[in-house]
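I have placed the structure first, in the form of structure tokens, so that the comments after it can refer back to it.
Lettering follows sequence order; numbering is per chain, from 1. Nothing here was measured: the structure is a model prediction, and the numbers come from that model.
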Amino acid sequence: MFIVITGASKGIGLALVKHYIEKDHTVIGCSRTKPDFEHERFCHYPADVTNYEEVQEFAFAVSKTHPVVDVLINNAGAASMNHFMLTDPRSAERLMRVNYLSAFACARGFIRLLRKSQHPRIINFTTVAVPLNLEGELAYGASKAAVESLTKVLAKELGSFRITVNAVGPAPTKTNLIANVPKHKLEKILEQQAIRCFAEFEDIVQVIDFYMDPKSDFITGQIIYLGGICR
Amino acid sequence: MKETVEELIQEAILELNEQMEEDRKVSYSEDLKLIGVNAALESISFVTLIAILEDLISDRLGKNIIIVNDRAFSQERSPFRSVGSLAEYVTGLLLETE
Ligand SMILES: NC(=O)c1ccc[n+]([C@@H]2O[C@H](COP(=O)([O-])OP(=O)(O)OC[C@H]3O[C@@H](n4cnc5c(N)ncnc54)[C@H](OP(=O)(O)O)[C@@H]3O)[C@@H](O)[C@H]2O)c1
């Protein structure tokens with residue numbers, strides 16, 4: 001399969017790159033900085049997903065070498081945790097751009113190439129912060145709630161192209177993203193899970209593998225949270 | 001340039017027809033109505049047509065354009081009202097990229 005992963009330089013994105021390379025797929029990843037990883041079936045493209053022109057250029061560059069994209073994984077994202085009164089509206093806007101509008105722009109940019117796949121998939125990233133309505137995560141949670149709407153509505157609008165659109169909502173996973181979140185706050189989140197531990201990369205991969213499976217053609221508009229968080 | 005665009009639209013319509021039921025197929029003409037009341041295409045077919053056309057433009061002309069943007073919708077007369085106006089609009093977009 002030919003897989004495009006945004007936010008491929010570190011964290012979950014880089015773990016996904018390595019996993020799909022190991023599974024013999026071909027991967028193109030984008031991010032602003034270069035990952036510390038090289039492989040003949042992996043290509044890195046420098047792009048800021050909050051810049052629509054750069055996303056278009058990225059999709060165009062991919063189309064030059066790969067006219068068909070099977071999977072688009074909108075993983076790039078950022079978080080910021082602060083009380084509403086301590087959040088600059090500009091910071092909330094920045095999160096909306098990097099979490100929601102980036103997925104919107106990438107879906108739009110890659111639709112032409114996805115359309116030509118036998119089992120086209122778009123996979124988005126949300127978070128357990130949405131169903132848990134976590135205090136102090138308004139800006140992040142709202143941007144990911146928008147990603148959930150995008151997932152459900154795109155599933156309908158792209159159904160006639162047979163493109164499935166789903167999302168995975170990881171529980172806290174040890175990456176840079178949560179490095180600055182105080183320990184007691186993370187523990188409070190874990191306490192609300194059915195299974196009270198951090199998510200591992202493999203847990204996330206498991207959900208994505210399921211969405212990607214050619215046998216999952218009829219699974220679309222779904223959101224799976226890890227750790228036993230329910231809506 | 002306009003003739004090239006018209007040819008690509010013709011080709012896009014042929015490709016679109018391949019995906020449509022017999023009674024939904026459309027034939028190319030300059031005044032074929034694309035959107036709005038009495039449009040020849042359902043909205044999903046219009047979206048598909050635009051996707052095919054963007055693809056053909058990218059493949060044949062090596063140009064990356066987005067046909068449906070805010071500008072297209074802010075015009076007093078929609079560039080998507082007919083095949084003829086679409087051809088004119090897309091030609092304009094392509095000339096701008098030169
Ligand atoms: N870790 C968690 O606990 C957790 C929980 C739930 C959901 N998630 C979601 O999982 C996804 C991955 O998160 P992570 O934990 O792996 O975070 P991370 O370690 O901070 O990595 C984020 C990735 O996104 C890229 N990125 C950020 N802004 C970008 C931009 N403007 N343009 C292009 N790439 C950009 C970064 O690359 P550059 O900086 O090089 O651009 C990096 O590769 C995110 O969507 C996040 O919301 C994470």
Side-chain angles (χ1 to χ4, degrees), chain A residues 2 4 28 30 45-70 72 97 101-122 150 153-165 220-221, chain B residues 5 8-26 34-35 39-74 79-80 86 89-90 92-98:
Chain A
F2 184 72
V4 171
I28 288 204
C30 86
Y45 188 95
D48 179 339
V49 289
T50 63
N51 180 317
Y52 309 142
E53 278 76 32
E54 279 185 31
V55 170
Q56 272 308 114
E57 279 161 22
F58 173 40
F60 191 55
V62 170
S63 73
K64 292 279 157 222
T65 49
H66 294 86
V68 180
V69 167
D70 299 296
L72 165 66
R97 281 185 175 283
L101 289 166
S102 67
F104 187 114
C106 289
R108 208 160 185 259
F110 282 96
I111 210 90
R112 289 195 291 116
L113 309 182
L114 285 162
R115 222 169 46 83
K116 296 182 200 150
S117 166
Q118 289 296 309
H119 304 280
R121 310 278 186 249
I122 296 177
L150 174 91
V153 177
L154 268 194
K156 287 186 179 169
E157 294 197 357
L158 301 182
S160 62
F161 292 132
R162 298 169 299 98
I163 301 177
T164 69
V165 189
T220 192
Chain B
V5 172
L8 292 178
I9 297 178
Q10 280 194 37
E11 203 175 325
I13 289 182
L14 287 178
E15 195 180 324
L16 177 72
N17 278 336
E18 280 170 25
Q19 303 171 19
M20 303 233 274
E21 305 275 322
E22 209 49 52
D23 59 338
R24 300 244 175 242
K25 292 191 195 307
V26 289
L34 296 177
I35 57 169
L41 296 179
E42 286 179 358
S43 59
I44 188 63
S45 307
F46 171 69
V47 172
T48 312
L49 177 72
I50 295 296
I52 298 171
L53 185 57
E54 283 181 348
D55 221 14
L56 287 171
I57 290 169
S58 161
D59 284 353
R60 305 288 168 72
L61 310 178
K63 290 205 171 158
N64 186 25
I65 59 165
I66 293 196
I67 296 175
V68 181
N69 57 20
D70 279 353
R71 212 173 83 198
F73 284 112
S74 61
F80 308 127
L86 174 68
Y89 175 71
V90 170
L93 286 179
L94 286 169
L95 289 175
E96 271 173 29
T97 65
E98 287 194 342

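Residues of residues 9-17 of chain B placed with any heavy atom under 4.5 Å of a heavy atom in chain A are listed by number as B/Glu15. Using a 4.5 Å heavy-atom cut-off against chain A, the contacting residues of residues 59-70 of chain B are B/Gly62, B/Lys63, B/Asn64, B/Ile66, B/Val68.
For the pair B/Ala51 and A/Arg112, the tightest heavy-atom approach, listed with the atom from each and the gap, is O-CD, 3.8 Å.
Here A/Glu157 pairs with nothing under the salt bridge (charged side-chain N to carboxylate O under 4.0 Å, His left out) rule; sequence neighbours left out. A search for salt bridge (charged side-chain N to carboxylate O under 4.0 Å, His left out) contacts involving A/Arg162 returns nothing, not counting sequence neighbours.
Summarising the local packing, CD of A/Gln118 is surrounded by 12 or fewer heavy atoms from other residues, nucleotides or ligands at distances under 6.0 Å. For A/Lys156, the NZ atom sits in a loose shell: 12 or fewer heavy atoms of surrounding residues, nucleotides or ligands are nearer than 6.0 Å. Counting non-hydrogen atoms of neighbouring residues, nucleotides and ligands closer than 6.0 angstrom, the CZ atom of A/Phe60 exceeds 12 such neighbours.
How far CD of B/Glu54 is from OG of A/Ser63: 11.5 Å, rounded to the nearest 0.5 Å. One finds the OG1 atom of B/Thr48 at 7.0 Å from the CZ atom of A/Arg115 (value rounded to the nearest 0.5 Å). Rounded to the nearest 0.5 angstrom, B/Gln19 CD and A/Phe161 CZ are separated by 8.0 Å.
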